[in-house]
Amino acid sequence: MTMSYVFDPPAPPSVAMAGGGGRFPVRRIFCVGRNYAAHAREMGKDPDREPPFFFTKPADAVVDSGAIVPYPPETSDFQYEIEFVVAIGREGFDVGREAALDLVFGYGVGIDLTRRDLQLEARDKGRPWDWGKAFDQSAPIAPLHRVNGGRHPAAGRIWLALNGVVKQDADLTELIWPVPDIISILSRSMVLKPGDLVMTGTPAGVGTIVAGDKVTGGIDGLGEIGIAVGKPIARRSQRVVRNGPESE
Ligand code: MN
């Protein structure tokens with residue numbers, strides 16, 4: 001049977017693999033909120049060991065390292081959050097903590113780009129976080145590293161620098177909920193499938209970025225990521241002026 005679509009479906013969003021050899025097709029992006037105590041405090045919340053909470057980004061929010069990410073619309077407080085990223089490679093539902101790492105395909109470094117003003121307004125009004133978190137190009141992710149010899153990183157420096165000045169500097173041991181717990185808990189609510197990504201939360205030191213800024217970061221053993229912040233996307237009205245017949 002040949003499937004027919006009313007228009008050509010877009011290519012699946014994907015993330016590069018370290019060392020090449022194909023790309024990781026992205027299915028969904030789950031993000032953990034407040035998973036480092038010092039960051040919970042800087043967001044005005046008490047760190048606690050209540051179950052982790054999640055939000056999502058659309059799969060096509062992924063961006064390769066090296067990209068210029070345009071300054072997003074509707075915000076005046078665009079922020080970076082460096083994150084440890086887990087790539088799921090096997091299906092699992094209601095998986096126990098001890099078996100959770102069997103689902104992992106690999107790991108990487110990502111940035112949870114955030115429209116902080118929209119997120120906090122939504123948080124304070126009890127509204128969804130989507131407009132603060134799930135916008136276009138909000139998930140830069142560096143090339144993923146396959147699980148190698150059954151070794152799963154549980155410790156190592158995680159850092160981010162803005163224009164060369166280190167702003168976030170922590171260790172994966174500081175995760176309130178480590179990866180086996182996150183996967184186990186997430187899998188009670190969703191059937192996890194190959195292609196799912198989990199961004200595991202950011203340490204303290206988040207801050208604002210503007211057009212022209214360069215953001216770099218890394219995790220020990222998982223390489224580095226770098227993006228630049230570009231000018232805002234031109235509005236349609238501006239495009240008409242710039243690309244209209246009178247300007248050609
Ligand atoms: Mn985050």
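Scope of the values below: all heavy atoms of this structure, side chains included, with no hydrogens, waters or symmetry mates. All ligand and atom numbering here is 1-based and tracks the order in the structure. In this text the structure is predicted, and so the values were computed from the model without any measurement.
- For Asp112, the N, O or S atom with the smallest separation from the Mn ion (ligand 1) is OD2.
- No other N/O/S atom of Glu83 lies as close to the Mn ion (ligand 1) as OE2 does.
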Test log, rule salt bridge (Lys or Arg N to Asp or Glu O under 4.0 Å), inputs Arg115 and Glu121: CA-CA 10 Å; Arg115 297 192 283 205; Glu121 184 186 2; over 6 Å; no
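- Phe135 and Val62 fall into different hydrophobic clusters, defined by Ile, Leu, Val, Met, Phe, Trp and Tyr side-chain heavy atoms under 4.5 Å apart, directly or through other members.
- In Glu81, the N, O or S atom that comes nearest to the Mn ion (ligand 1) is OE1.
- Taking the six-membered ring for Trp and thresholds of 30 and 60 degrees, Phe55 and Trp129 have ring planes inclined between 30 and 60 degrees apart.
- Each of Tyr80 and Met43 belongs to its own hydrophobic cluster when Ile, Leu, Val, Met, Phe, Trp and Tyr are linked at side-chain heavy-atom distances under 4.5 angstrom.
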